[in-house]
Q: 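Got a structure here, written out as structure tokens. Questions coming.
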Number of protein chains: 2
Amino acid sequence: MDHEKQREKVAEATWRVIQKMGLDQASVRNIADEAGLSVGSMRHYFSTHSELLFYAMKMVSDRVGKRIANIDFSGDLLTDIPLLVDEILPTDEEKRLEMEVWFAFVVKSLSDKDLARYRLEVDDGLRSIFIEIMDGLAAKNLAAPDLDAELEIERFYALIDGLAIHAVLRPEKMPADLMRRTVYRHLQSLCRPSE
Amino acid sequence: MDHEKQREKVAEATWRVIQKMGLDQASVRNIADEAGLSVGSMRHYFSTHSELLFYAMKMVSDRVGKRIANIDFSGDLLTDIPLLVDEILPTDEEKRLEMEVWFAFVVKSLSDKDLARYRLEVDDGLRSIFIEIMDGLAAKNLAAPDLDAELEIERFYALIDGLAIHAVLRPEKMPADLMRRTVYRHLQSLCRPSE
DNA sequence: TTGTTTTTAATACAATTGTTCTAAAAAAGG
DNA sequence: CCTTTTTTAGAACAATTGTATTAAAAACAA
């Protein structure tokens, strides 16, 4: 029996409980029910409740990281950036579940030191992506002149997080297509007029 | 004894508990302790726990709404929009507490029907502000030509929510000054070149 | 088969939850 | 000063929480 696979199944059950009932209802009993296990049995895979929650949180960013690592980049920034952003934004049901769970953990991280430390790590990693994007645009002479790079990094990053939140909170107002068009429009506002 | 004032004091204690310990630790006992009351005594102002939480959530948006209503607008859009946005964004400690509490309730609203209904109301009200902003820019002929109005509404709204979240999650990376400059830069990206 | 380990199940325990109830203290009105 | 109402305090309730314990069941090795 694959120990690690079982841990992932339990963590996925945790995600579903969080989506259906909220993080505060993600008790060991509710998760065990959702996973089809007994409480004592689940204990063999996670020895404490917080260890399970931490694992479930990390699995979110792991999944996103793996998707990004699997992108087949073209080399052209203006096509690659949308590819990249598309794997971060909740552009389908699976990613929306992830994002919803992530937000729950983010809020919990505001009063949980361990979760906060990990959230900072992920945030730094994400921010470095936007730093590289702006660096890339400048290096290839695509960026509009007189851009304040540090400001544009935060503006782009904030826009993406805002779109992600709105897609979770008002999915009917923020379909995948609108997210993509908004990203495209924003890119355009960062780049010098072409030709 | 002012009944309503006492309710606000209890709700403010609720905010502090949420900030210090998280929404899931905002139990009647913890809130009563923070407010300096007994459990039975608090019961005279809020008959149920959820009524108290709902009140504490509504108080956040009420405070924001009151601040906006008190703005002394100049009539010039390009000075008024920053004034307006400044009352929404967490540009000082007081507003950061509000925003932190608000996010906690927003996440809870994902698994609580009553909170979800109210959150939708607030969201619609907020979105209508950005609709008016874009309408105003177009009416005064300030907006750049060829703007997709509906897209720009969502882009601006998403940017503001993204800035707000970042100010809560990484206050040292998103000081008030950077938020204001980012808003200014975004406005510039919406407007036609001046003169 | 027999023996060993892994996995599952179920119960028990103390702590915390929202809520209810009872009564004392304080305030107000006559 | 007495009566009535409002406010406060604290104990008690059943339900739920994370965790520990115990033992049965299953899987596996020899």
Side-chain angles (χ1 to χ4, degrees), chain A residues 1-59 101 104-105 107-109 111-115, chain B residues 1-59 101 104-105 107-109 111-115:
Chain A
M1 178 136 310
D2 191 334
H3 200 79
E4 196 57 31
K5 269 273 181 290
Q6 196 76 350
R7 281 166 70 93
E8 289 190 23
K9 288 201 75 167
V10 173
E12 278 169 9
T14 305
W15 287 7
R16 294 193 298 274
V17 171
I18 291 173
Q19 184 176 47
K20 282 189 275 194
M21 310 193 266
L23 187 47
D24 49 303
Q25 291 295 317
S27 64
V28 289
R29 285 166 182 81
N30 286 339
I31 295 172
D33 281 355
E34 176 70 35
L37 295 172
S38 71
V39 176
S41 167
M42 212 171 62
R43 206 61 188 241
H44 252 257
Y45 302 103
F46 297 99
S47 57
T48 68
H49 185 220
S50 41
E51 183 196 345
L52 164 54
L53 292 187
F54 202 177
Y55 185 93
M57 179 182 185
K58 281 203 271 196
M59 203 169 73
V101 172
F105 280 115
V107 167
K108 188 173 179 62
S109 80
S111 54
D112 182 310
K113 252 192 157 187
D114 292 326
L115 299 192
Chain B
M1 179 135 310
D2 191 332
H3 200 79
E4 196 58 29
K5 270 273 181 293
Q6 194 77 352
R7 281 168 69 93
E8 288 190 24
K9 287 202 73 167
V10 173
E12 278 169 10
T14 306
W15 286 7
R16 293 192 299 273
V17 171
I18 291 173
Q19 184 178 46
K20 281 188 276 193
M21 310 192 264
L23 187 47
D24 49 304
Q25 291 295 318
S27 64
V28 289
R29 285 167 182 82
N30 287 340
I31 295 171
D33 281 354
E34 176 70 35
L37 294 173
S38 73
V39 176
S41 167
M42 213 170 60
R43 206 53 188 231
H44 252 256
Y45 302 102
F46 296 98
S47 57
T48 68
H49 186 220
S50 40
E51 183 196 344
L52 164 55
L53 292 187
F54 203 176
Y55 185 93
M57 179 183 185
K58 281 202 271 198
M59 205 169 74
V101 171
F105 280 117
V107 166
K108 189 174 178 61
S109 80
S111 54
D112 183 311
K113 253 192 155 186
D114 292 326
L115 299 192

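All chains are named by letter (A, B, ...) in the order of the sequence lines, taking the proteins before the strands, and each is independently numbered beginning at 1.
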Q: Considering just the side-chain nitrogens and oxygens of Ser27(B), establish if one lies under 4.0 Å of OP1 or OP2 belonging to dT17(C).
A: yes

Q: Output the rounded distance in Å from CG (Asp24(A)) to P (dG18(D)).
A: 11 Å

Q: Assuming nearest nucleotide by heavy-atom distance, tell me which of Ser38(B) and Ala26(A) is located more 5' along DNA chain D.
A: Ser38(B)

Q: Can you tell me if Tyr45(A) touches the phosphate of dT8(C), counting only side-chain N or O atoms and a distance under 4.0 Å to OP1 or OP2?
A: yes

Q: To the side chain of His3(A), which of dT7(D), dT7(C), dT19(C) is closest?
A: dT7(C)

Q: Can you measure Leu52(B) atom CG to dT19(C) atom C1' for me and round it to whole angstrom units?
A: 14 Å

Q: Between Gly40(A) and Val28(A), which has a closest nucleotide on DNA chain D that is more 5'?
A: Val28(A)

Q: Is there a side-chain contact (heavy atoms from CB on, under 4.5 Å) between Ile18(A) and Phe105(A) once you walk through the steps?
A: CA-CA 10 Å; Ile18(A) 291 173; Phe105(A) 280 115; 3.8 Å; yes

Q: Roughly how many Å is it from CE in Met21(B) to P in dT16(C), rounded to a whole number?
A: 12 Å

Q: Rounded to whole Å, how long is the line connecting atom CG of Asp33(B) with atom P of dT17(C)?
A: 10 Å

Q: Looking at side-chain heavy atoms only, is the closest gap between Lys9(A) and Leu37(A) below 4.5 Å?
A: no

Q: How close do Lys20(B) and Ser111(A) get, counting heavy atoms only, and between which atoms?
A: O-CB, 4.1 Å

Q: To the closest 0.5 Å, what do you measure between CZ (Arg7(B)) and CD (Glu12(B))?
A: 13.5 Å

Q: Please state how far atom CZ in Arg43(B) lies from atom C1' in dT6(D), giving the value in whole angstrom units.
A: 17 Å

Q: On DNA chain C, compare the nucleotides closest to Arg29(A) and His44(A); which residue's is nearer the 5' end?
A: His44(A)

Q: Quick one: which of dG18(C), dA20(D), dT17(D) gets closest to the side chain of His49(B)?
A: dG18(C)

Q: Taking any heavy-atom pair under 4.0 Å as a contact, classify Ser50(A): base, sugar-phosphate, or nothing.
A: nothing

